[in-house]
Structure formats: C-alpha cells, structure tokens
Amino acid sequence: MAILFDSKAKTFTLQTKKSTYQMKIDEQGVLLHTYFGAGTDESDYSYLIVPDDHGFCAQPSEHGGNRNYSLDFYPQEYSVHGNGDFRIKALRAGLEGRVPALDLRYGGYEISDGKYALPGLPAFFAGKEEKVHTLRIVLKDLYEEVYVTLFYGVFEEKDIITRAAVIQNRNNVPLRLKRAMSMSLDFPEGMDAFICFHGKHAGERQFDRRTLHSGVTAIGSNRGTSSHQQNPFAILCGKDTTEEFGSCCGLSLLYSGSFQIQAEVDQFEGVRVTCGIHDEEFEWILNKDEEFVTPEAVLSYTDQGLGDLTRTMQRAMSENLIRSPWKNKKRPVLVNNWEATYFDFTGKKLLQIAQQAARIGLDMLVLDDGWFGKRDDDNSGLGDWYVNEEKLGCTLRELVEQVNEMGLQFGIWIEPEMVSENSDLYREHPDWAMTIPGRDPVRGRNQLTLDLSRREVIEYMKASIDQLLGMANIAYIKWDMNRSVDNVFSSAAPYLSQGAVRHKYILGLYEVMEYILSRYPDLLIEGCSGGGGRYDAGMLYYVPQIWCSDNTDAIERLRIHYGTSFGYPMSTVAAHVSVCPNHQNGRVTPFQTRGICAMQGAFGYELDLDKLSEEEIRQAKEQVEFYNMHYELFQNGDYYRLSSPFEHHDFTAWSYVMPDGSKASLSVVYTDLHGNPKPQRIKWRGLIPDAVYELDGQEYTGAALMRGGCILPKPRENYDSWMAVIERKAKRNK
Ligand code: GLA
C-alpha cells in the first residue's frame with residue numbers, strides 16, 4: 001500500500017518506487033514531518049529529531065516546562081504563524097478583530113483510492129487503471145473553528161507526491177488569510193543547493209544553481225502571471241548532485257499567476273521550503289463555512305541525479321497533467337506568419353506563404369496578430385475580435401477554405417485577456433479593464449488587462465471564443481497574453497476585497513480554459529505570453545504546448561530549452577525555424593542548425609517561406625520529412641541533457657531515447673570554433689547495453705556508445721550542427 005498509517009507510532013508513510021515520505025502526530029497532536037528521501041521502510045523516523053534546549057526557542061503552552069521541545073526547530077508538515085515557529089510559514093491567518101495566530105493540531109485522516117481533484121484548479125490525475133491513492137489529514141486550530149485539510153496524492157509508480165491544502169472557517173466571524181501556501185517541507189540536512197530558472201522576455205528559464213546560505217532564498221512573480229522572470233519550478237539538491245548522481249527534490253507549482261517559492265536555511269542548517277500563491281498582494285476573506293483551496297504542488301525525489309528527476313517530472317506531466325487529446329497525437333508542423341510579416345500582410349500574402357508551406361509538406365498555416373478590429377500595430381484593436389476583411393480581402397471563412405484546399409489546416413492567434421483603449425470593447429465597457437480609480441492607468445504594450453475576476457468578463461470571453469471558432473474551420477489557437485498585470489483593482493469588488501482579485505483572475509482564466517477544452521476537445525491550443533511568460537504546469541493542464549520564447553535564435557534557444565527541460569516535457573516546447581540574421585539578436589546560423597534546435601519540441605517555421613532560396617526549400621523539405629518520420633521519438637522519448645550550454649562552451653548536446661531503448665537520437669550544436677581542434681567525444685545515455693545499434697554505417701553496442709562514447713564530426717562553420725538517429729538492430733551483422 002502506498003499510504004500506511006501506523007496507529008501505534010502515529011506515523012503516515014507514503015511510499016513511491018524510489019522515495020519515502022513520512023509524517024508523525026506527536027503527543028500534543030502537532031503534525032511533524034519526519035522524512036522525505038530515498039525509498040526506505042516504514043520505521044518511525046522521528047528518532048532523527050533531537051530534542052534540546054537551544055535557547056531563544058519558544059514553547060507552546062503545554063510545553064512550558066520542557067524547553068527541549070520547540071516548533072522553532074522541530075520539522076513540521078504545515079507550519080503556521082503564532083505557535084513559536086519563527087521560520088517561513090505555510091499559513092498566516094486570523095479571525096477578524098483578533099491577532100493573526102493559529103495553532104494547528106491533528107484532527108483525523110482518510111485514505112482513499114484514486115486521486116483527489118481541486119475545484120476550479122489544475123491538478124494531477126490518475127491515468128486509466130493507474131493505482132493512485134489520496135490521503136487527507138485534517139488539522140484544527142486549538143482554540144477556534146478553523147480547519148486545514150492537507151491533501152496528498154501518491155503516484156507510486158511515477159514517483160510523484162502531490163500536495164494541496166484546503167482552509168475552512170466555521171466561526172461566525174470572518175477569517176482573514178494573509179498567506180496560504182500550498183505546502184511547506186522541512187529537510188533537516190543534505191539540501192545545500194537551490195536550482196531555479198530566471199529570465200526575461202526573450203530569455204526565459206536560464207539555469208541558476210545557488211548554494212543555499214543562512215536566511216531565506218526566495219523566487220517568485222508578482223506580475224499576475226508565472227512570468228518570464230522566474231518560474232514556478234525549482235529543485236533542491238545536494239551540493240555534489242549532478243545530472244546522473246545525487247539527491248534532488250523537484251517542486252512544481254500548478255499555478256499561472258503570482259507565486260512564491262522560498263527556501264530558508266535555519267539556525268541548525270535545516271532547510272524549509274514553502275511554495276504557493278505570492279503573499280504580497282494576497283488577502284482572502286473566509287466567511288462562515290467558506291473554504292479556500294490552494295493550488296497544487298507536485299514533488300518528486302530521487303537520489304539518481306537531475307536527469308532522472310527530469311525524466312520523472314516530464315513523464316508524469318505528459319501522462320498525469322496534460323489533458324488535451326493532442327498530447328499523444330502528432331502535432332501539425334506549422335508555419336506562423338508573425339516573424340514573416342508582423343502586422344503587414346494581406347490575404348494574398350498569406351496564401352503565398354500557404355502555397356510554399358504546402359510545397360514543403362507542412363501541415364498548417366497560423367495567422368498571428370493583426371487580423372481583427374483596427375490593428376495595424378500593437379496600439380489598438382484588442383477586444384474587437386471581428387475580422388478585418390478589408391485587410392484579408394475576403395472573409396475569414398473564405399481565407400480558411402482556400403488554405404484548406406491546399407491541404408493545410410488553419411490556426412489563429414488571439415489575446416482575449418486584454419483590451420486596447422482604442423477599441424469598441426473598451427469604449428463600451430471601460431470598467432471591464434483593471435485600473436486604479438482616479439489615476440491614469442499603467443499600460444503595458446499600450447494595453448490594459450481585462451478584469452477576469454468578474455463574471456460578465458468571463459462570459460464575454462467564452463462568447464468571443466465561440467464566435468471566433470464559429471467563423472471558420474479553425475484547428476488551432478495561439479492564446480497570447482502580452483503584459484505583466486499591474487493596477488490590480490476590480491471596480492466590481494468592494495475596496496476591502498481587492499486582495500482577492502489576482503487569484504480570482506486566475507480562477508476566471510482557468511474557467512474559460514476549462515470551457516474551451518470541454519467544448520472543443522479537438523482544438524489544439526498553444527499557450528503563449530510574449531513567448532514563455534506563462535510557461536507553467538498550471539497552463540499545461542489546459543494546453544499541450546506553449547510558445548517557449550519570442551527569441552527564435554537557435555543559439556539562445558539552446559539555453560532556453562535546456563532550462564525549460566528540467567521542469568516540463570519537451571513535447572510542450574513550441575519551437576520554430578526563423579530567418580537569418582535573426583530578428584532578435586542579428587545572429588547568423590545555418591538553416592540546418594535552426595532545424596535541429598526547433599526539432600527539440602513542437603516543430604514549425606516562422607519566416608517568409610516565399611523568400612526561401614531553392615536550397616533552403618530543399619533543406620526545409622528534408623527537415624519536415626525527417627521530423628515526421630521520427631516525431632514519436634521527439635514527442636514520447638526520454639530526454640537526456642548531454643552537455644550544458646551554461647558550462648560546456650564548445651557544444652550543446654541532447655538526446656531522446658524511446659523508453660524501451662529501441663531507438664535514440666543525438667543532437668549536437670557547436671557553439672565555438674577552434675583552430676587545430678581537439679577531437680570531441682560524447683557519451684550516449686539510456687541505451688540497452690548489450691543491444692547493437694548502427695551509427696554512420698558502423699555497428700556499436702549500447703555499452704560502447706554509453707561508456708566509450710562516439711566521436712563527433714568536426715564542425716565546418718560557425719554554429720554547425722549534427723544529428724543522428726540510431727535504431728536497435730535485430731542482431732549483429734558479423
Ligand atoms: C507575442 C507572441 C508573439 C506574437 C506577438 C503578436 O509577443 O509571443 O509570438 O504572437 O505577440 O503580437
């Protein structure tokens with residue numbers, strides 16, 4: 001059984017294939033956290049807690065005389081404010097008119113089959129016939145009718161434990177939540193480093209490994225989106241942990257709004273990590289019998305290095321988070337007209353691009369920004385989702401029919417969460433935009449954010465989507481969101497409830513997403529927020545792929561893809577071949593290299609196909625054929641990072657291996673050139689040691705390729721690249 005309650009020791013032990021997680025109810029009913037690490041038995045690990053009089057560590061009232069007990073250093077399962085714990089807390093809340101203080105004690109548990117769901121929020125789910133179990137532990141405040149239910153989902157085979165908390169007020173006075181994290185977790189030792197993924201627009205998810213020092217290391221976003229600047233995925237690991245060895249714990253928050261992940265090294269070098277909704281502008285009032293549900297946090301532990309953690313997370317997200325039926329279907333190889341034309345296109349130009357696309361063998365044309373309202377630049381039109389027929393020279397239906405006749409599907413860009421002040425929608429409903437009363441609004445990309453905490457805005461958004469999808473045969477939408485959210489104020493909410501608006505916005509967004517997914521299950525939705533500004537596990541519950549970055553330079557994408565791979569399946573990484581010199585940084589790279597980089601994810605093109613040379617068209621055809629032949633490997637293969645673009649300066653390499661080892665690919669992009677270069681070798685991973693594979697006409701055993709490695713061809717030019725696919729042979733030829 002994956003969840004065991006030992007009534008004598010009062011321990012809850014959660015078992016997955018490689019890890020064990022344990023909690024214990026102590027004599028006073030405090031829920032202690034006693035273990036999370038490499039798989040072990042159900043012994044009571046509370047012996048690892050050493051009671052002592054450490055000085056300046058406070059005692060709860062029952063312990064007045066026993067100074068060896070203090071919640072200031074005892075590891076806890078869900079830490080609260082007001083019981084003598086001075087570290088970062090999971091929960092800070094107080095009843096109206098009283099001091100915010102809580103003291104949670106054990107009040108019961110329930111174990112059930114299957115995985116719990118969270119109303120209105122993304123959550124992992126059990127696969128068909130997959131054995132998953134749920135544990136609920138109820139905690140109650142010692143004095144008041146405040147209840148916290150801790151939820152645990154145990155995916156034994158997948159090595160995943162999910163957590164969430166539901167806070168309930170049964171008092172007659174309102175409960176004011178100031179901070180309500182999804183989880184807290186205490187590691188007494190061994191977690192000395194923190195890996196996070198910071199960035200900027202056009203430079204998302206840069207790998208950042210920090211040694212933890214005393215005090216709090218915090219990352220987060222207060223931008224209303226999970227953001228380009230930080231990402232709600234982080235790793236705690238040992239100082240010596242590498243790709244292949246060592247302990248590490250991955251932590252993913254299923255949330256697309258402002259979030260916070262904090263890790264505090266305490267006075268005895270233990271680490272407490274908390275994660276959840278950012279508390280900076282958060283305040284939630286619970287009236288009698290109301291409850292607040294936190295977003296879900298997903299944990300995985302391994303002692304086999306960062307690569308193993310990645311594959312565990314990627315597989316679990318692919319199978320237990322992404323719901324779109326597209327997750328297992330071959331994604332269309334598309335051409336998007338954004339970098340080809342920006343706002344400057346006509347229906348005729350689009351059809352020319354489509355014609356070339358059909359010639360190359362692509363599957364879809366995506367019409368990006370600029371097709372609606374009065375939108376010839378990014379200063380106007382958002383909110384007016386009716387077609388600019390003058391610009392297209394025909395109706396949308398007519399355009400799509402012509403594209404379909406060429407054998408291509410049609411996709412379209414939309415940015416429903418936004419409004420331009422120069423739009424009919426804004427003129428009609430100025431109060432639907434979030435602005436601070438009496439002040440000139442703060443604009444981002446010259447646009448305002450619609451107030452998705454309001455019911456009428458949610459309904460308008462659903463209706464806009466229905467209307468758009470009713471206009472033509474649309475197979476795909478790119479759902480964009482192009483600003484950080486400031487001036488958060490809902491004119492429909494009372495002044496004292498404004499602290500709830502940011503979270504209600506995200507709940508509104510999820511409601512619209514849920515509506516689209518259930519009403520149009522076959523629609524392929526690509527998430528986007530100025531590239532990868534909302535690349536998080538919350539969004540992946542609704543969309544199977546996300547435009548990874550507005551930076552399409554193949555070399556900068558090496559770092560962006562590398563960072564993204566730690567927390568997310570590669571099948572979710574939308575990546576396109578674009579023109580040279582690159583529009584973001586002016587770099588020139590070979591066409592082949594751009595193709596190899598873009599094949600790391602959901603593959604496509606984003607340039608004027610009409611302007612390609614015959615040689616480039618030949619290469620594009622070859623790339624598409626190659627991708628179509630091996631897409632299963634790229635979509636479902638296990639991903640191995642073979643060299644880091646942050647450490648290895650000569651080349652970056654990665655590999656996909658089918659889970660049964662039958663087929664593998666290796667991709668290498670050279671990032672530096674040398675006169676008189678040394679031979680470059682690389683070791684494959686994940687192959688079957690005694691199987692035989694053929695590489696460049698020669699046979700090798702899996703063991704040889706993994707332990708000895710293979711020799712890479714010499715680079716011939718700047719940013720040259722190389723890619724090989726090998727397959728297991730029935731038996732050796734000689
Ligand atoms: C964002 C997206 C781009 C493009 C533009 C259109 O920046 O990330 O891919 O769609 O918006 O305005």
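Just follow the structure's listing: the first ligand is 1, and inside any ligand the first atom is 1. Not measured: the values here are computed from a predicted model.
- Gln619 is linked by a side chain to side chain donor-acceptor pair (under 3.5 Å) to Glu615, counting only residues two or more places apart in sequence or in another chain.
- A side-chain donor-acceptor contact under 3.5 Å links Thr552 and Gln584.
- Residues passing the side chain to side chain donor-acceptor pair (under 3.5 Å) test with Asp486, sequence neighbours excluded: none.
- Ligand 1 is surrounded by Trp338, Asp368, Asp369, Trp413, Arg445, Lys478, Asp480, Asn482, Cys528, Gly530, Gly531, Trp547, Asp550, each with at least one heavy atom closer than 4.0 Å.
- Note on ring orientation: taking the six-membered ring where Trp is involved, the planes of Tyr670 and Phe651 are perpendicular (angle over 60°, cut-offs 30° and 60°).
- Checked against the 6.0 Å centroid criterion, the rings of Tyr568 and Phe566 do not qualify as a close aromatic pair.
- Judged as a ring pair (Phe, Tyr, Trp, His ring centres under 6.0 Å), the pairs with a partner in residues 444-476 (not counting sequence neighbours) are, in order, Trp432-Tyr460.
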